[in-house]
Enquirer: 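The structure is given below, and queries will be raised subsequently.
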There are 2 protein chains.
Amino acid sequence: MKRSQLEPRKSPRQTRSEAMVEAILEAAVRVLEREGLAAFTATRVAEVAGISVGSLYQYFPNKHALTAALIRREQAALVQAVEAVVSDTKDLSLEAGLSRLAALAVSHQYGRPGLASALDHEERRLPLGKEIEAFRTAIRKAMRGFLDIHQARLPLQDLDSAAADLLIIARAMVEADADRREPAAPGLERRVLRALMGYLLLPTEAFTRSRSSRRFL
Amino acid sequence: MKRSQLEPRKSPRQTRSEAMVEAILEAAVRVLEREGLAAFTATRVAEVAGISVGSLYQYFPNKHALTAALIRREQAALVQAVEAVVSDTKDLSLEAGLSRLAALAVSHQYGRPGLASALDHEERRLPLGKEIEAFRTAIRKAMRGFLDIHQARLPLQDLDSAAADLLIIARAMVEADADRREPAAPGLERRVLRALMGYLLLPTEAFTRSRSSRRFL
DNA sequence: ACCTGAACACCGTTCAAGT
DNA sequence: ACCTGAACACCGTTCAAGT
């Protein structure tokens, strides 16, 4: 699938098109939130947007592109939120910063539960093109920036892998919780924090079969 | 969706049926491994199994049930593998045991990469009935048993949540890696081990805004 | 009794016809 | 020029007809 296949057909300079794309995306969100993934069909989205299917396909080359646009929006919002937290917590302790990040992960998922879950699942299913890959990279970079601030305290060599791992861990724990219950389990945020802190602070010697193995923990 | 909808139609006592179910499942695995999720259609599976679509539907009430049967198999194998590791590592250190569990997570995913990935994705998409939920519970229980052995060393109150979290973390890290590359990243197993160890060993005080915060790490 | 595969319902996508 | 919605291709599922 080529990159162009995932993008809206029309240039955003044309104001009418822009508004139409917007209306379609809003309709899509409505369908996903109110009626679920099963009802998320091209015809239904067009219907809710008040246009014909044919028109929908004038703005999006295929349904995948429509889904990708929704995911792109969510991801863009998340990038900004993560960057904001990193910047806001520059002067706080590692614990405080991670705590804010854990809270962000939870609130991002539970802010719009139906939508977030549906997009999670779609995101996995589809090969998502480079643009969305870029958002992930941006989030990883922001996280890496956070780790750099606390570098002195971290017994880690590969901060890039660490940043990626932390994001995967937080996301998986929150999604697993969201798949089972709503609202969030009371201890969720705390458990996420534990996972992140533990990953970062575990002394390397603690799992390097050495005689000093139990000195730290 | 009722539980009965996810099970094969015929009793396993009828040997011919049993063999047929087996043949269909093998065909399904073949299609998934060799041709991918996109080619995994009822017609294609029937074709590879050498029967008509109609016959396929005599053994499985719907395609979902066929997928569920494959997932059930994988999960059953995984339950046994986890139980075996837990039992084999009864007398070893926490590190050694977790290390074996991390290795199991990686090898389970990479043992049959195409199949495992495809089933991962399907497993998320579908509401999977109680039987598969039971496998997850069994794995969680085995993990809980493992934690009980090392209880004295763990600064944790809720071992059930911990067991569930460890499984989610290991799985998410391995799947994220598998989605991006093949074979596994060289450091993957070690990173999974770090995540598990860190979660378990992090002193509770380390993230409870107390003045003793930095005493341990 | 059991199997077959054309037929049906439904979804993504297109395009001839209408404005 | 732009929109519409019937038509087409394809997939899951069924069932009349064949053995």
Side-chain angles (χ1 to χ4, degrees), chain A residues 1-2 4-11 13-25 27-28 31-32 35-70 118 121-122 125-128, chain B residues 1-2 4-11 13-25 27-28 31-32 35-70 118 121-122 125-128:
Chain A
M1 182 143 314
K2 285 176 299 180
S4 62
Q5 288 282 92
L6 289 176
E7 289 170 355
R9 277 191 200 285
K10 304 215 166 173
S11 144
R13 256 179 251 159
Q14 296 168 33
T15 312
R16 231 176 329 171
S17 297
E18 212 181 335
M20 200 63 243
V21 165
E22 202 49 43
I24 294 169
L25 292 178
V31 172
L32 279 173
E35 306 170 38
L37 253 180
F40 182 55
T41 67
T43 306
R44 181 71 187 129
V45 170
E47 199 174 294
V48 171
I51 59 176
S52 71
V53 227
S55 292
L56 190 157
Y57 278 89
Q58 202 178 349
Y59 296 93
F60 294 92
N62 51 53
K63 196 190 163 193
H64 183 162
L66 174 56
T67 311
L70 294 178
H121 290 104
E122 288 304 280
R125 213 168 43 150
L126 316 168
L128 297 144
Chain B
M1 181 144 313
K2 284 176 298 180
S4 62
Q5 288 281 94
L6 288 176
E7 289 169 355
R9 277 192 200 285
K10 306 215 166 171
S11 146
R13 254 178 255 160
Q14 296 168 32
T15 312
R16 229 175 331 169
S17 296
E18 213 181 334
M20 199 63 243
V21 165
E22 202 49 44
I24 294 169
L25 291 178
V31 172
L32 278 173
E35 306 170 36
L37 252 179
F40 182 55
T41 66
T43 306
R44 182 69 186 131
V45 171
E47 200 175 293
V48 171
I51 59 176
S52 72
V53 227
S55 291
L56 190 157
Y57 278 90
Q58 202 180 349
Y59 296 94
F60 295 92
N62 52 53
K63 196 190 161 192
H64 183 162
L66 173 56
T67 311
L70 294 178
H121 290 105
E122 289 304 281
R125 215 173 36 157
L126 316 169
L128 297 146

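Numbers restart at 1 for each chain; the letters A, B, ... are given by sequence-line order, proteins then strands.
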Enquirer: For the residue pair A:Asn62 and A:Tyr57, what are the closest heavy atoms and their distance?
Expert: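 For A:Asn62 and A:Tyr57, the tightest heavy-atom pair comes out as CA-CE2, 3.7 Å.
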Enquirer: Separation of A:His64 atom NE2 from C:dT13 atom P, in whole Å?
Expert: 10 Å
Enquirer: So, is A:Tyr57 close to the C:dT14 phosphate, meaning a side-chain N or O under 4.0 Å from OP1 or OP2?
Expert: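 The answer is no; no side-chain N or O of A:Tyr57 sits under 4.0 Å from OP1 or OP2.
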Enquirer: Tell me which nucleotide among C:dG5, C:dT13, D:dC11 gets nearest to the side chain of B:Thr41.
Expert: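 Given the options C:dG5, C:dT13, D:dC11, the side chain of B:Thr41 is closest to D:dC11.
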Enquirer: Which part of the nucleic acid, if any, lies within reach of A:Ser55 when heavy atoms closer than 4.0 Å are counted: base, sugar-phosphate only, or nothing?
Expert: base
Enquirer: C:dC11 P sits how many Å from A:Glu35 CD, rounded?
Expert: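 It works out to 12 Å between those atoms.
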Enquirer: Give the nucleotide from the list C:dG5, C:dT14, C:dT4 with an atom nearest to the side chain of A:Val53.
Expert: C:dT14
Enquirer: With rounding to the closest Å, how many angstrom separate the P atoms on D:dA7 and C:dC8?
Expert: 16 Å
Enquirer: Between C:dG12 atom P and A:Leu37 atom CG, what is the distance in whole Å?
Expert: 11 Å
Enquirer: If you round to the nearest 0.5 Å, how far is NZ of B:Lys63 from OG1 of B:Thr43?
Expert: 9.5 Å
Enquirer: Applying the Watson-Crick and G-U wobble criteria at under 3.5 Å, what pairs with D:dC3? Answer none if nothing qualifies.
Expert: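 Pairing partner: none.
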Enquirer: Closest approach of B:Val21 and B:Tyr59, non-hydrogen atoms and distance?
Expert: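 B:Val21 and B:Tyr59 have their closest heavy atoms at CG2-CD2, 4.0 Å.
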Enquirer: Rounded to whole angstrom units, what separation is found between the OH atom of A:Tyr59 and the P atom of C:dT14?
Expert: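 Distance check: A:Tyr59 OH to C:dT14 P gives 16 Å.
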Enquirer: Please report, rounded to the nearest Å, how far the C1' atom of D:dA6 is from the CG atom of A:Leu56.
Expert: 17 Å
Enquirer: Quote, to the nearest angstrom, the P distance that separates D:dC2 from C:dT13.
Expert: 22 Å
Enquirer: Within this structure, what is the NZ-to-C1' distance between A:Lys63 and C:dC10, rounded to whole angstrom?
Expert: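 From A:Lys63 NZ to C:dC10 C1': 12 Å.
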Enquirer: Can you check the B:Gln58 CD to D:dT13 C1' distance for me, whole Å?
Expert: 14 Å
Enquirer: Quick check for you: among D:dG12, C:dG12, D:dT4, whose closest atom lies nearest to any side-chain atom of A:Ser52?
Expert: D:dT4
Enquirer: Quick check: do B:Val53 and B:Val45 have side-chain heavy atoms less than 4.5 Å from each other?
Expert: no
Enquirer: In whole Å, I'd like the distance from the CD atom of A:Glu47 to the C1' atom of D:dG5.
Expert: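 From A:Glu47 CD to D:dG5 C1': 13 Å.
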Enquirer: Watson-Crick or G-U wobble partner for C:dG12, using a 3.5 Å limit on both distances?
Expert: D:dC8
Enquirer: Indicate the atoms forming the closest heavy-atom contact of A:Ala27 with A:Val48, along with that distance.
Expert: CB-CG1, 3.8 Å
Enquirer: Closer to the 5' end of DNA chain C via nearest nucleotide, is it B:Gly50 or A:Thr43?
Expert: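 First, find each residue's nearest nucleotide; the 5'-ward one identifies B:Gly50.
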Enquirer: If pairing requires Watson-Crick or G-U wobble contacts with both distances under 3.5 Å, which nucleotide is the partner of C:dA17?
Expert: none
